[in-house]
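Residue numbers start at 1 and run along the sequence shown. Owing to the predicted nature of the structure, the values given are computational and were not obtained by experimental measurement.
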Amino acid sequence: MNQKPLPDAVPALFPNPSDRARIGGWLTLELEEALKRIQAGPVAPMLDVQDFRVELERFDFSTPQPLEQALRWTIARMEHGIVQMSNPRYFGLFNPGANFPAQCADRIAGLFNPQLASSASSPLPVALESHVIRAVARRAAMDEQVAGHFATGGSEANFTALLCALTAAHPSFSADGVRAFAGPVKFYTSRDCHIAWLKIAHQAGVGRTALHLVDTDGAGRMDPEALVHAIAEDRAAGTVPVMVVATAGTTGGGMIDPLHACADIARQQGLWYHVDAAWGGAVLASNRLRGLLDGIERADSITIDAHKWLATTMGCAIFATSRAELLSEAFHASTSFMPSSVSSVDPYLNTVQWSRRFLGLRLFLALAAAGWEGLGAHVERGVEVIDRIKQSLIARRWSIANDSALAVLAAIPPAELGDVRALVRRVVASGRAWVAPTTFEGRDVVRICATNGETTMNDVHALIAALNERP
Ligand SMILES: Cc1ncc(COP(=O)(O)O)c(C=O)c1O
């Protein structure tokens, strides 16, 4: 055997313990200082992307630079190069200012870097994630036998639901795909659903036309009569309905589809019932608000994004199902190289992913540190913030199009403030606050959502001032 010593580990990649501790400590302090600046600074990116591309050209990776220098550069550019979720005047899409326990979880996961594909490689993380899933499912009053996992986002969790529904709908789907069905497949959401369902239909191989967008009731909720009608019409046309999806907290208006009525229809029709509570599912944390999701317990499967209102780091979603056997059926595989092969336990045999990150630690640590009470208080605080904004806007002759109990407004400005989209552009460009334009029941609205757990009344006043500035 060659007796020469092995070369040293590459120090830039694996610094010695004291350099590591020094840089790690320095980074923690730098990030704290950056957070203060982000919270006080503009919400929108203030970066000239053309200039940045030119700057990037300097990184041809031929001459390494000290890590601290690269870290300092990265933080400085990030401070101007993104919409700042950590800014308490971000009232935008559901992306949260991440809670601190979840950020700690990312550091821990980064160090241990566990591989969660298999229960033999990661017995502790697999058991821990399944404990958290069961705890969430209990809050939703789902069947005790619930199974599930953490996914990268609501889209992956919803994709999982469609695969389970298809697998449940025909015993040969797993082997033959859509050829198993006697006609084209159909599934149902309201037309106010998250439109990633179209991509999901594409991915699953059933095609985008498989998604039947059912009419809403004029208030942003699925109309149950329209759903019954749609299913009957599709059956008469020779297509094969497989799943009803109720949205619990629509993306635009925070509306909750009638969960019991949708469950009744799905049962009567023999269809899989999925509740997409990607955002609204967070209210399960609050004893005061969880009743809003009454009926979710009847779902075959649910989606809840912890990286939305529960404020973990991106992306961290929950998929849970009372029909555990369908996961094993949809995702089974067999190979000799994996260290374990335990049906219904090993994540690689029950999920879309193979290699997987320790996502569930983020919600576990948030729950461990805050309890349901703390997470519930965070969610209730968001509703309170939105309520204050609503009162201020109504006092300034705005009207509110959505009658939602959740933390989002679909607001219509008075005529003198001009067109909604132009108004939103002005607010965003000012950097003083961030809101989004959308449509609700056919009308253009300003979508204002509480996403940051540290928003103060000063931030609310800044938003109201920015929204009411005349063109
Ligand atoms: C109701 C709903 N479902 C699904 C999604 C997609 O989730 P993700 O962005 O985590 O993939 C969203 C995102 O906003 C959503 O609001």
Heavy-atom closest contact ([X] atom, [Y] atom, distance):
X    : Y    : result
L463 : V435 : CD1-CG1, 3.8 Å
L166 : A204 : CD1-CB, 4.3 Å
G153 : D305 : C-OD1, 3.4 Å
R356 : P347 : CD-CB, 3.4 Å
I318 : V136 : CD1-CG2, 3.7 Å
M255 : S404 : SD-CB, 3.9 Å

Are more than 12 heavy atoms, taken from residues, nucleotides or ligands other than [X], located less than 6.0 Å from that residue's [atom1] atom?
X    : atom1 : result
E32  : CD    : no
R443 : CZ    : no
E55  : CD    : yes
M78  : CE    : no
F59  : CZ    : yes

(Q) Check for me whether the distance between the ring centres of W272 and F187 falls short of 6.0 Å. (A) no
Output the distance between atom [atom1] ([X]) and atom [atom2] ([Y]), rounded to the nearest 0.5 Å.
X    : Y    : atom1 : atom2 : value
T189 : W197 : OG1   : CH2   : 8.0 Å
M457 : I464 : CE    : CD1   : 8.0 Å
H332 : S174 : NE2   : OG    : 4.0 Å
D257 : T216 : CG    : OG1   : 9.0 Å
I200 : L211 : CD1   : CG    : 9.5 Å
N87  : T455 : CG    : OG1   : 8.5 Å

Is it true that the side chains of [X] and [Y] contain a donor and an acceptor less than 3.5 Å apart?
X    : Y    : value
H274 : N158 : yes
T167 : E329 : no
E156 : Q353 : yes

Q | Cation over ring face, R447 and F94, 6.0 Å, 45° | A | yes
Q: With side-chain hydrogen bond (donor to acceptor under 3.5 Å, both in side chains) as the test, would you mind laying out the steps for S190 and D192 before giving the verdict?
A: CA-CA 5 Å; S190 94; D192 264 11; 5.4 Å; no
(Q) D276 vs T303, test: side-chain hydrogen bond (donor to acceptor under 3.5 Å, both in side chains). Steps then yes/no. (A) CA-CA 5 Å; D276 177 4; T303 289; 4.8 Å; no
Flag the pair [X] and [Y] as a salt bridge only when some basic side-chain nitrogen lies within less than 4.0 angstrom of an acidic carboxylate oxygen.
X    : Y    : answer
R22  : E68  : yes
K36  : E33  : yes
R426 : E469 : no

Do the non-hydrogen side-chain atoms of [X] and [Y] ever get within less than 4.5 Å of each other?
X    : Y    : value
Y188 : L213 : no
S341 : L349 : yes
T456 : P88  : no
V242 : K186 : no
R221 : I256 : no

side-chain hydrogen bond (donor to acceptor under 3.5 Å, both in side chains) partners of [X], counting only residues at least two apart:
X    : result
K4   : none
S62  : D60
Q391 : D387
T438 : none

Keeping to residues at least two apart or across chains, list the ring pair (Phe, Tyr, Trp, His ring centres under 6.0 Å) pairs with something in [range].
range            : value
residues 5-57    : F52-W73
residues 112-137 : none
residues 428-454 : Y90-W434

So, does [X] use its side chain to make a donor-acceptor pair with the main chain of [Y] at under 3.5 Å?
X    : Y    : value
R397 : P414 : no
N402 : G220 : no
R470 : G418 : no
N350 : D346 : yes
H307 : C316 : yes
D444 : V420 : no

(Q) Give me each pair satisfying side-chain hydrogen bond (donor to acceptor under 3.5 Å, both in side chains) with a member in residues 102-112, each pair once, sequence neighbours excluded. (A) T28-R107, D106-T313, D106-R362
Q: With sequence neighbours left out, write down each residue that passes side-chain contact (heavy atoms from CB on, under 4.5 Å) with M338, or none if nothing qualifies.
A: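 With neighbours one apart ignored, the set is A117, S118, T335, Y348, W354.
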Q. Does the side-chain hydrogen bond (donor to acceptor under 3.5 Å, both in side chains) test come out yes or no for S122 and Q115, once each step is laid out?
A. CA-CA 6 Å; S122 294; Q115 165 59 285; over 6 Å; no
Q: Mind running salt bridge (charged side-chain N to carboxylate O under 4.0 Å, His left out) on R388 and E384 for me, showing each step along the way?
A: CA-CA 6 Å; R388 305 286 175 96; E384 180 78 29; 2.9 Å; yes
Q | Partners passing ring-ring contact (aromatic ring centres under 6.0 Å, His included) against F331 (at least two apart in sequence or in another chain) | A | none
**Q.** Partners passing ring-ring contact (aromatic ring centres under 6.0 Å, His included) against H149 (at least two apart in sequence or in another chain)
**A.** F319
Q.
Assess the residue pair D459 and R89 against the criterion (salt bridge (charged side-chain N to carboxylate O under 4.0 Å, His left out)); give the C-alpha distance rounded to whole Å, side-chain angles, the decisive distance to 0.1 Å, and a yes or no.
A. CA-CA 6 Å; D459 301 313; R89 285 168 282 109; 3.6 Å; yes
Q.
Suppose we screen for salt bridge (Lys or Arg N to Asp or Glu O under 4.0 Å). Which residues come up paired with R396, at least two apart in sequence or across chains?
A. none
